[in-house]
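Okay, structure first, notes after.
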Amino acid sequence: MEQLGLNTDGIIVIRGTVENIVFHSDETGYGVFDLEDENGELVTVVGTVPFISVGEQVELYGYWAHHKVYGRQFKAERFEKILPTEKNDILRYLSSGAIKGIGPKTAKKIVDKYGEDAFDVISNHPTWLADINGISLKKAVEMSNDFKEKSGVREIIMYCKDSFSPNTAMKIYKKWGRNALGILKENPYCLCNEIDGIGFKRADEIAMEAGLSKDNENRIRSGILYVLGVFASRDGHTYVNNDVLVNATSKLIEVGGELILTQITELAKENKIKIVEYLRQSHVYLTENFNNEEYIARKLLVLERSNVSVGEYNAISLIEQIERENDISYASMQKKAICESLKNGVTVLTGGPGTGKTTIIKAVLNIFKRLGYKCALCAPTGRAAKRMSETTSYEAKTIHRLLEVDTGNEYSRGPEFVRNEKNHLEYEVIIVDETSMIDVSLMTALLKAIKPGSKLLLIGDVYQLPSVGEGNVLNDIIRSEKFSVITLNEIFRQSENSGIVVNAHKINRGIVPDIKERYNDFFFVSIQDESLIPSYIANMCKNRLPAKYGKDIEDGIQIITPTKKGYCGTQNLNSVLQNELNSKSKKQYVTRTQKIYKIGDKVMQIRNNYDVEWERENESGRGIFNGDIGFVYEIDNEEKLMKINYDGKIASYDLSALDEIDHAYAVTVHKSQGSEYPIIIIPLVKCAPILLTRNLIYTAITRAESMVLLIGDSEVLEAMVNNNTQINRNTGLRMFLESNDI
């Protein structure tokens, strides 16, 4: 083995010949093998090196590590394969089984006949191999195809070595096969359209390095699609007005508007985007978002029209029966909500905390079970589903679990579900909580799985923030006036003394809470200097609250803040709280961006990952979802592995892929949606006006189960309550619902 030393990035480079393969996965390319130098010294190598074979010469880029069992190892982060050129080395390589169909005997025949030209013959003149006794023409072609496939992987990895990891290069090759390199050279922008995790800017850098011009058609098209994607993921828009799209794309790629308009037309012809003329404006959709909103509207109307009503007389009779049996009396709006759920195909129930939504769910479940209906309860997040189960004493699932996520297709750019239009759910009643959190793609998936004739009850708080993903589903359904909507406003007796409930409703009506009024669950601490707030919060979490309510309360405290930046932003608060609450933990991992993870750290999954494997007692599965909170359970720096405990589910992560995990001692209000926590601490400090809104503080406060503690400036609270600016989203669901074409 020849060690070439360090490159400019501090990465060690070594070269040698593969002597022995301990383990190798053809699917992922990950392997463990021994590398031999010319003096016979063996080095154990681990890393992603696709189609590795004994006898191959490789150049590896990585670093040394020490395994607690196997000792010193070289961790390969990227590599280059060097095909042997000497006859003996070629024979050794072919004899290793590197090429399907060629064993030691066949290898000797090929090398004896063609010598150092063996690789050229196999690749470019496979029919010549049929001249050798025992090799048919069919077998010769199969050998050549296998050799070319492995050469194609090698070529794509070599081409991408300065831009992507071998793992990403493998994804690219598996997407396009032997044509991958040609496709990549011709149009690098296909990467951001087809390969998950590669954005426009990265593809644009590759294209510019390859010499493509700024006005290249593929570049303009990709820029348009990227801008539409940004408006969707960042702002929640399902469509963008044509003028806005042209201006934003022009600014991004520095190309004139006429060229962009031309490619918008071409993309529409190819069905990659949809253009809808509405109210004298051109609305431009990504085709997926257009199809989703159109489908949601059509299926909701189908459910409403195909409904078999229980009948008002029967509904009232059943309600009265439950009242007698349980010695209770429902309020008039509660009775109306129950009746509407029984009569209609689609019913919407909305209201703030303490207005009796759970009571209605229980009654509806009771009645439908008496009538022999099969019911399913679901919510968009694990925490919301768990809370739904606890309050109703009826099993509730996440929507993903209800639909049964299909993890078989690793190259899908989004979730695929076992339950769909061809494999409907068996339930006749679907009750969905926290509907305000559901974006258009998830609602589409849910509706596809619901069979016509089923009843759908959508429950949510329309005054909360809209979904993180694109769309404004609940709001659009309500505003369309196509379905029965029951709005609960009355606060019930058991909640009248709750400061959380009372003040949430005050805020909703634009009334600033009286911070001097005494409640057992709602407190305000005035601190004008925001630089002092982080240490105060840390002391509350570490000392004062546990001293009063017991050590067990620590995990139930959640800091929710409007912003990521500043003294009271998530970035600083997470750093302060990690140091204060988890300072004793010694086992840690430091990422390349200097983010530190320790055993015991509170962390959150910040985007859906359908491939993460988890285990829980006798159960196993895949998928950890956006907003799930857990604690770092184990860090293995040698195996490059981190395990996180999500309410008993132990999920495993590669340490090199932690960009979807973040600390969660403090989270933004947006990330807290759909969850409830025993104790909420909210810092109130001046920040961007767009973050100081009424529905944002309302959403934050309503995340609390038992206590809210506001810390900061009372003027900020007043400003938020008085700022009723709504997040404006361009969405078309209401338009589709109101259209006579559906």
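Every value quoted in this text rests on a predicted model; they were computed, and no experiment measured them. Side chains included, hydrogens not; waters and symmetry mates left out as well; all remaining heavy atoms used.
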Next item on the list: Considering non-hydrogen atoms only, spot the tightest contact between Leu402 and Ala376 and give its length.
Entry: CD1-CB, 4.1 Å
Note to self: In terms of relative ring orientation, are Tyr239 and Tyr285 parallel, tilted or perpendicular, with 30° and 60° separating the classes?
What the structure shows: tilted
Margin query: Show, in sequence, the C-alpha distance, side-chain angles and deciding distance for Tyr394 and Lys369, and conclude whether the side chain to side chain contact (heavy atoms under 4.5 Å, CB included) test is met.
Written below: CA-CA 12 Å; Tyr394 196 95; Lys369 286 174 70 177; 3.8 Å; yes
Checklist line | Flag, side chain of Arg694 to backbone of Asn723, donor-acceptor distance under 3.5 Å | finding: no
Check: Would the Phe736 and Phe290 ring centres measure less than 6.0 Å apart?
Finding: yes
Note to self: Do Asn307 and Lys455 pair up side chain to side chain, a donor and an acceptor below 3.5 Å, judged on atom types alone?
What the structure shows: yes
Next item on the list: Go through the side-chain N and O atoms of Gln726 and Asn728 and say whether any donor and acceptor fall under 3.5 Å apart.
Entry: no
Checklist line | Asn520 CG: over 12 foreign heavy atoms closer than 6.0 Å | finding: no
Next item on the list: Run the salt-bridge test on Arg419 and Glu404 with the 4.0 Å N-O cut-off and return the result as yes or no.
Entry: yes
Note to self: Quiz question: by atom type and distance under 3.5 Å, do the side chains of Glu660 and Gln605 form a donor-acceptor pair?
What the structure shows: yes
Next item on the list: Please round to the nearest 0.5 Å and tell me the distance separating atom OG1 of Thr731 and atom CG of Asn289.
Entry: 10.5 Å
Check: Does the pair Leu228 and Val240 meet the rule for a side chain to side chain contact (heavy atoms under 4.5 Å, CB included), with working shown?
Finding: CA-CA 7 Å; Leu228 283 170; Val240 178; 3.8 Å; yes
Notebook entry, point to check: What closest approach, in Å, do Ala704 and Ile500 show between heavy atoms, and which atom pair accounts for it?
Noted result: CB-CD1, 3.9 Å
Note to self: Does Lys343, at its NZ atom, have more than 12 non-hydrogen atoms belonging to other residues, nucleotides or ligands within less than 6.0 Å?
What the structure shows: yes
Margin query: Using a 6.0 Å cut-off, check whether atom CD of Glu481 has over 12 heavy atoms from anything other than its own residue.
Written below: no
Note to self: Side chains of Ser480 and Glu738: any donor to acceptor distance under 3.5 Å?
What the structure shows: no
Next item on the list: Flag the pair Pro689 / Leu691 as yes when at least one side-chain heavy-atom distance between them is below 4.5 Å, and no otherwise.
Entry: no
Checklist line | Side-chain donor or acceptor of Asn344 paired with backbone N/O of Glu340 under 3.5 Å | finding: yes
Notebook entry, point to check: With a 4.5 Å heavy-atom cut-off, do Asp514 and Asn503 have their side chains touching?
Noted result: no
Margin query: Surrounding CD of Glu426 (heavy atoms of other residues, nucleotides or ligands, distance under 6.0 Å), is the total greater than 12?
Written below: yes
Check: Within the side chain of Thr238, is there an N or O that forms a donor-acceptor pair under 3.5 Å with the backbone of Asn730?
Finding: yes
Item checked: Backbone of Thr350 reached by a side-chain donor or acceptor of Thr487 within 3.5 Å -> no
Checklist line | Side chain to side chain, Ile507 and Pro513, heavy atoms closer than 4.5 Å | finding: yes
Next item on the list: First locate atom OG of Ser282, then atom CG of Asn241, and finally report the distance between them rounded to the nearest 0.5 Å.
Entry: 8.5 Å
Checklist line | Close side-chain approach of Ile711 and Ile681, heavy atoms under 4.5 Å | finding: yes
Next item on the list: Calculate, to the nearest 0.5 Å, the distance between atoms CG and NZ belonging to Leu425 and Lys451 respectively.
Entry: 9.0 Å
Next item on the list: Compare all side-chain heavy atoms of Phe483 with those of Thr347 and state whether any distance is below 4.5 angstrom.
Entry: no
Check: Strictly by modelled atom types, are Glu325 and Gln321 linked by a side-chain donor-acceptor pair under 3.5 Å?
Finding: yes
Margin query: Tell me whether the NZ or CZ atom of Lys448 lies within the 45° cone about the ring axis of Phe417 and under 6.0 Å from its centre.
Written below: no
Next item on the list: Would you please say whether a donor-acceptor pair under 3.5 Å links the side chains of Tyr519 and Glu517?
Entry: yes
Margin query: Atom NZ of residue position Lys397 - does it have more than 12 heavy atoms of other residues, nucleotides or ligands inside 6.0 Å?
Written below: yes
Note to self: Given 3.5 Å as the limit, does a donor-acceptor pair link the side chain of Ser317 with the main chain of Asn314, or not?
What the structure shows: no
Next item on the list: Indicate yes or no for a side-chain donor-acceptor contact from Thr570 to the backbone of Val667 under 3.5 Å, with no hydrogens or angles considered.
Entry: no
Next item on the list: Quick one: do Leu456 and Glu304 satisfy side chain to side chain contact (heavy atoms under 4.5 Å, CB included)? Show the steps, please.
Entry: CA-CA 9 Å; Leu456 179 65; Glu304 181 66 11; over 6 Å; no
Notebook entry, point to check: Do Gln464 and Asn695 have side-chain heavy atoms sitting under 4.5 Å apart?
Noted result: no
Notebook entry, point to check: Looking at Arg387, Arg383, Arg703, which one forms a salt bridge (Lys or Arg N to Asp or Glu O under 4.0 Å) with Glu676?
Noted result: Arg387
Item checked: Residue pair Ser498 / Asp521: nearest heavy atoms and the distance that separates them -> OG-OD2, 2.8 Å
Check: Looking at CD1 of Ile459 and CD1 of Ile431, how far apart are the two atoms once the value is rounded to the nearest 0.5 Å?
Finding: 6.0 Å
Next item on the list: Can you see which heavy atom on Val468 is nearest to which on Arg729, and at what distance?
Entry: O-NH2, 4.1 Å
Next item on the list: Evaluate the side chain to side chain contact (heavy atoms under 4.5 Å, CB included) criterion for residues Asp555 and Phe631: first the C-alpha distance (whole Å), next the side-chain angles of each, then the deciding distance (0.1 Å), finally the verdict.
Entry: CA-CA 10 Å; Asp555 291 346; Phe631 292 86; 3.7 Å; yes
Margin query: Counting neighbours of CD1 on Ile690 that are heavy atoms of other residues, nucleotides or ligands and sit closer than 6.0 Å, is the number greater than 12?
Written below: no
Next item on the list: Report the distance from atom CE of Met333 to atom CG of Leu349, rounding to the nearest 0.5 Å.
Entry: 9.0 Å
Check: Pro683 versus Ile537: any side-chain heavy-atom pair under 4.5 Å?
Finding: yes
Check: What's the spacing between Ile450 CD1 and Asn420 CG if we round to 0.5 Å?
Finding: 12.5 Å
Notebook entry, point to check: Counting only N and O atoms by type, is there a donor-acceptor contact under 3.5 Å from the side chain of Asn645 to the main-chain atoms of Gly648?
Noted result: yes
Notebook entry, point to check: Can you tell me if Ser389 uses its side chain to pair, donor with acceptor, with the backbone of Ala396 under 3.5 Å?
Noted result: yes
Next item on the list: Please report the shortest heavy-atom distance between Gln334 and Tyr330, naming the atom on each side.
Entry: OE1-CA, 3.7 Å
Margin query: Are more than 12 heavy atoms, taken from residues, nucleotides or ligands other than Lys686, located less than 6.0 Å from that residue's NZ atom?
Written below: no
Notebook entry, point to check: If you look at every heavy atom in Asn423 and Val418, which pair is closest and at what distance?
Noted result: ND2-O, 3.2 Å
Notebook entry, point to check: With a distance cut-off below 6.0 Å to the six-membered ring centre and an angular limit of 45° from the axis, does Arg370 pair with Phe368 as a cation-pi contact?
Noted result: no
Note to self: Check this for me: Tyr646, atom OH, are more than 12 non-hydrogen atoms of other residues, nucleotides or ligands nearer than 6.0 Å?
What the structure shows: yes
Next item on the list: For the pair Glu323 and Lys335, find out whether any cationic side-chain nitrogen is under 4.0 Å from an anionic carboxylate oxygen.
Entry: yes
Margin query: Do Ile430 and Cys378 make a side-chain contact, defined as non-hydrogen atoms from C-beta onward lying under 4.5 Å apart?
Written below: yes
